[in-house]
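Following: one structure in structure tokens, then a few remarks.
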Amino acid sequence: MIRPATTSDIPALHMLVESAFRGDSARGGWTHEADLLGGQRTDQEALAEAIADPDRTILIAFDGDALIGCVEVRRADMGRSALGLLSVRPDRQAAGTGRRLVAAAEGYAREHHRAARMEMTVIAARGELIAWYERQGYGRTGEIRPFPMDDPRFGLPRVPLSFVVLERTLV
């Protein structure tokens with residue numbers, strides 16, 4: 001089951017995101033950033049802001065009662081939405097949950113934002129993850145964006161980082 005997150009989901013959602021991206025628990029999956037960044041990936045306040053924002057929705061996936069994944073969909077501009085925060089519990093990665101969440105985010109963007117395109121940013125050093133998104137139909141736009149190197153809300157970089165922009169036409 002996939003549904004929009006509510007404020008009551010924030011504690012479990014926060015634990016899920018942190019476990020997928022940071023620390024030793026993240027190393028159990030292939031999508032972690034633990035070698036590139038320390039600190040937090042997000043915090044409960046940022047998740048609450050996203051849930052309260054009418055232009056942002058966090059979709060959450062369950063297996064029974066267990067929260068196993070999430071993805072954020074944000075209205076970007078006319079005809080375009082942005083995908084972010086794709087997180088799958090490390091012990092559930094490589095089982096299709098990420099693909100299902102991306103498809104749900106794309107469907108949500110088409111239906112609720114009337115989006116014809118979806119974009120995302122991925123840390124440039126994450127070649128394996130970029131390749132996965134390319135297999136899902138996303139392509140590099142050639143645009144590079146800076147990483148917020150001095151903002152601990154997004155993590156503590158261990159190396160210089162930047163983002164590549166990927167995009168896909170929604171059909």
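These numbers come from the heavy atoms of this one structure, side chains and all, not from hydrogens, waters or symmetry mates.
- Among residue pairs with one or both ends in residues 44-91, none qualify as ring-ring contact (aromatic ring centres under 6.0 Å, His included); sequence neighbours excluded.
- The salt bridge (Lys or Arg N to Asp or Glu O under 4.0 Å) check on Glu134 picks up Arg140, with sequence neighbours excluded.
- The stretch residues 65-104 participates, sequence neighbours left out, in no ring-ring contact (aromatic ring centres under 6.0 Å, His included) pair at all.
- Taking CD1 of Ile130 as the start and CG of Leu166 as the end, the distance is 6.0 Å to the nearest 0.5 Å.
- Distance check, rounded to the nearest 0.5 Å: CD1 of Ile2 to CD1 of Ile68 gives 8.0 Å.
- With sequence neighbours excluded, the residues forming a side-chain contact (heavy atoms from CB on, under 4.5 Å) with Gln44 are Ile10, Pro11, His14, listed by chain and number.
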Q) Given Trp132 and Val122, is the side-chain contact (heavy atoms from CB on, under 4.5 Å) satisfied, shown in steps? A) CA-CA 11 Å; Trp132 184 85; Val122 180; over 6 Å; no
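- Smallest separation of non-hydrogen atoms from Ala82 and Ala76: N-CB, 4.3 Å.
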Q) Should Leu36 and Arg126 be marked as a side-chain contact (heavy atoms from CB on, under 4.5 Å) after you check the CA-CA gap, both sets of side-chain angles, and the distance that decides it? A) CA-CA 9 Å; Leu36 301 173; Arg126 311 259 338 263; 3.6 Å; yes
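- Under the side-chain hydrogen bond (donor to acceptor under 3.5 Å, both in side chains) criterion, Arg114 pairs with no residue at all, not counting sequence neighbours.
- Annotation for Val17 and Ser87: closest pair CG2-OG, 3.7 Å, computed over non-hydrogen atoms.
- Contact between Ala115 and Leu170 at its shortest, heavy atoms only, is O-CD1, 3.7 Å.
- Sequence neighbours left out, the pairs with a member in residues 55-70 that pass salt bridge (charged side-chain N to carboxylate O under 4.0 Å, His left out) are Asp55-Arg75, Arg56-Glu72, Asp63-Arg92.
- One finds the CZ atom of Arg80 at 11.0 Å from the CE atom of Met118 (value rounded to the nearest 0.5 Å).
- For Asp150, there are no salt bridge (Lys or Arg N to Asp or Glu O under 4.0 Å) partners two or more places apart in sequence or in a different chain.
- Pro146 and Phe163 get closest at one heavy-atom pair: O-CD1, 3.4 Å.
- Scored by the side-chain hydrogen bond (donor to acceptor under 3.5 Å, both in side chains) test, Glu143 finds Arg145 as partners (sequence neighbours excluded).
- Sorted by first and then second residue, the pairs that involve residues 94-111 and meet salt bridge (charged side-chain N to carboxylate O under 4.0 Å, His left out), not counting sequence neighbours, are Glu106-Arg168.
- For His113, the ring pair (Phe, Tyr, Trp, His ring centres under 6.0 Å) criterion is met by Tyr108, not counting sequence neighbours.
- Closest non-hydrogen pair, Val88 versus Ala20, comes out as O-CB, 3.5 Å.
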Q.
Please evaluate residues Leu47 and Leu85 with respect to the criterion side-chain contact (heavy atoms from CB on, under 4.5 Å), reporting the C-alpha separation (whole Å), side-chain torsions for both, the decisive distance (0.1 Å), and the verdict.
A. CA-CA 10 Å; Leu47 294 170; Leu85 201 65; 3.9 Å; yes
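- Residues satisfying the side-chain hydrogen bond (donor to acceptor under 3.5 Å, both in side chains) criterion with Arg89, sequence neighbours excluded, are Asp91.
- Hydrophobic clustering (side-chain heavy atoms under 4.5 Å, transitive across Ile, Leu, Val, Met, Phe, Trp, Tyr) groups Phe154 together with Met149.
- Taking 4.5 Å as the limit, every side-chain heavy atom of Leu129 sits out of range of all side-chain heavy atoms of Ile123.
- For the atom pair Thr6 OG1 and Asp9 CG, the distance stands at 4.0 Å (nearest 0.5 Å).
- Nearest heavy-atom pair across Leu59 and Leu101 is O-CD2, 4.2 Å.
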Q: Verify side-chain contact (heavy atoms from CB on, under 4.5 Å) between Glu18 and Thr42, making sure each step is shown before the conclusion.
A: CA-CA 7 Å; Glu18 293 302 312; Thr42 191; 3.9 Å; yes
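- For Glu45, there are no side-chain hydrogen bond (donor to acceptor under 3.5 Å, both in side chains) partners two or more places apart in sequence or in a different chain.
- To the nearest 0.5 angstrom, Glu119 atom CD is 10.0 Å from Tyr138 atom OH.
- Around atom CE of Met78, no more than 12 heavy atoms belonging to other residues, nucleotides or ligands sit under 6.0 Å away.
- Inter-residue side-chain proximity for Val71 and Ile58 is flagged as unmet; no heavy-atom pair is nearer than 4.5 Å.
- Using a 4.5 Å cut-off on side-chain heavy atoms (C-beta onward), Leu83 and Tyr133 make contact.
- The OG1 atom of Thr57 lies 12.0 Å from the CZ atom of Arg74; values are rounded to the nearest 0.5 Å.
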